[in-house]
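Quick notes on the structure that follows.
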Amino acid sequence: DQQVKQNSPSLSVQEGRISILNCDYTNSMFDYFLWYKKYPAEGPTFLISISSIKDKNEDGRFTVFLNKSAKHLSLHIVPSQPGDSAVYFCAAYYNNNDMRFGAGTRLTVKP
Amino acid sequence: DVKVTQSSRYLVKRTGEKVFLECVQDMDHENMFWYRQDPGLGLRLIYFSYDVKMKEKGDIPEGYSVSREKKERFSLILESASTNQTSMYLCASSSGLVINEQFFGPGTRLTVL
């Protein structure tokens with residue numbers, strides 16, 4: 001039972017445009033959400049997170065939006081750069097329990 | 001610079017072999033985790049440990065065991081490897097205070113023939 005879902009396995013955008021990666025979750029107990037970025041042959045690295053008490057968190061070109069009523073979060077990258085090309089994993093977590101990951105979305109940013 | 005290292009990047013084993021995957025972190029983290037990554041399934045937690053000699057089952061512990069004799073080292077053991085254990089294995093660690101921001105190793109791609 002996948003509690004965290006990323007329904008788009010891949011996304012392609014032009015350099016300079018906005019990339020929007022989506023994530024849905026089913027467990028309303030989740031209270032902390034993270035995005036990880038993974039390059040080939042490397043482990044995932046933490047990118048940005050958001051607590052359930054917020055609906056937006058921004059860090060430079062990266063913004064995460066949380067819609068608790070819809071159980072949906074999204075990662076916006078503006079402007080997208082070729083170096084952003086990677087697999088992005090959404091993850092959710094609550095109360096010292098293990099973290100649940102989505103299946104990942106492969107982002108390709110074309111020059 | 002934080003570091004999580006895994007003993008092998010690529011490993012090929014035969015069905016029925018006992019396999020050891022080693023993970024070492026140099027950040028004095030309390031928590032360590034083993035995941036496997038498969039296409040379309042993302043990262044799934046196999047086992048985790050909150051302290052030395054402690055272990056907890058994750059979502060898919062069947063066919064695996066773990067050992068944490070020292071704080072910096074967390075080993076994943078496949079007692080009798082099977083072809084459905086062919087996967088990318090990722091180790092991670094986190095501080096006891098910031099359990100949710102995990103630092104990952106580069107992964108071990110295991111092929112079981």
Side-chain angles (χ1 to χ4, degrees), chain A residues 1-10 21-27 29-54 57 59 62 64 66 73 86-106, chain B residues 1-10 21 23-25 27 29-51 54-61 66 87-109:
Chain A
D1 174 32
Q2 276 204 294
Q3 297 184 39
V4 179
K5 297 179 182 178
Q6 293 175 257
N7 292 319
S8 298
S10 63
L21 296 97
N22 293 304
C23 179
D24 297 292
Y25 60 95
T26 57
N27 190 339
M29 297 291 291
F30 288 138
D31 59 7
Y32 203 85
F33 304 89
L34 305 92
W35 285 94
Y36 281 81
K37 177 178 177 179
K38 185 181 185 302
Y39 291 117
E42 294 182 16
T45 55
F46 169 75
L47 185 60
I48 192 169
S49 63
I50 187 167
S51 163
S52 61
I53 61 173
K54 294 185 174 182
N57 188 27
D59 183 4
F62 302 91
V64 55
L66 175 62
L73 66 155
V87 176
Y88 289 79
F89 291 98
C90 168
Y93 168 87
Y94 71 97
N95 196 27
N96 262 8
N97 285 288
D98 52 272
M99 197 148 58
R100 300 298 175 114
F101 286 83
T105 297
R106 181 177 301 280
Chain B
D1 195 21
V2 297
K3 199 95 173 167
V4 179
T5 55
Q6 295 183 228
S7 51
S8 305
R9 296 300 299 270
Y10 300 94
L21 301 182
C23 175
V24 178
Q25 51 95 2
M27 296 163 281
H29 281 168
E30 290 80 7
N31 314 304
M32 296 188 75
F33 308 82
W34 274 107
Y35 295 89
R36 62 178 281 178
Q37 181 194 355
D38 300 288
L41 297 176
L43 279 70
R44 292 181 293 165
L45 184 64
I46 305 170
Y47 267 97
F48 59 104
S49 169
Y50 288 136
D51 202 350
M54 286 184 58
K55 59 183 179 184
E56 298 283 344
K57 291 180 180 179
D59 292 329
I60 49 165
V66 290
S87 186
M88 169 68 83
Y89 289 88
L90 290 159
C91 174
S93 72
S94 70
S95 158
L97 298 176
V98 192
I99 191 170
N100 39 31
E101 291 181 21
Q102 297 180 10
F103 295 87
F104 284 83
T108 295
R109 182 163 294 283

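Only heavy atoms go into these numbers, but all of them, side chains included; no hydrogens, no water, no symmetry mates.
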Quiz prompt | Interface moiety of A/Pro44 toward chain B, non-hydrogen atoms closer than 4.5 Å | solution =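 When you check distances to chain B, atoms from both the backbone and side chain of A/Pro44 fall under 4.5 Å.
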Side chain, backbone, both or neither: which part of [X] has a non-hydrogen atom closer than 4.5 Å to chain A?
| X | result |
| --- | --- |
| B/Gln37 | side chain |
| B/Arg44 | neither |
| B/Asp38 | neither |

Practice problem: Please name the pair of heavy atoms, one in A/Ala103 and one in B/Gly40, separated by the smallest distance, quoted to 0.1 Å. | Solution: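 Closest approach of A/Ala103 to B/Gly40: CB-O, 3.4 Å.
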Self-check item: Considering all heavy atoms, the nearest A/Gly43-B/Leu90 contact
Solution: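 Looking at all heavy atoms of both residues, the closest pair is CA-CD2, 4.1 Å.
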If you define the side chain from C-beta out and look only at heavy atoms, does anything of [X] sit under 4.5 Å from [Y]?
| X | Y | value |
| --- | --- | --- |
| B/Leu45 | A/Arg100 | no |
| A/Tyr36 | B/Gln102 | yes |
| A/Phe89 | B/Leu43 | yes |

Quiz prompt | B/Tyr35 side chain to A/Phe101 backbone, donor-acceptor under 3.5 Å | solution =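 Between the backbone of A/Phe101 and the side chain of B/Tyr35 there is no qualifying donor-acceptor contact (under 3.5 Å).
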Exercise. Find the distance between CZ (B/Phe104) and CD (A/Glu42) and round it off to the nearest 0.5 Å.
Key: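 Rounded to the nearest 0.5 Å, the CZ-CD separation comes out at 13.5 Å.
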Exercise. With sequence neighbours left out, write down each residue that passes side-chain hydrogen bond (donor to acceptor under 3.5 Å, both in side chains) with A/Asn27, or none if nothing qualifies.
Key: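 Expected list: A/Gln3.
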Exercise. Against chain B, work out which of A/Pro9, A/Ala91, A/Ala41 has the most heavy-atom pairs shorter than 4.5 Å and name it.
Key: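 Ranked by contacts with chain B, first place is A/Ala41.
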Practice problem: Under the side-chain contact (heavy atoms from CB on, under 4.5 Å) rule, collect the residues that match up with A/Ser49, sequence neighbours excluded. | Solution: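 Checked A/Ser49 against side-chain contact (heavy atoms from CB on, under 4.5 Å); matches are A/Tyr32, A/Leu34, A/Phe46, B/Glu101.
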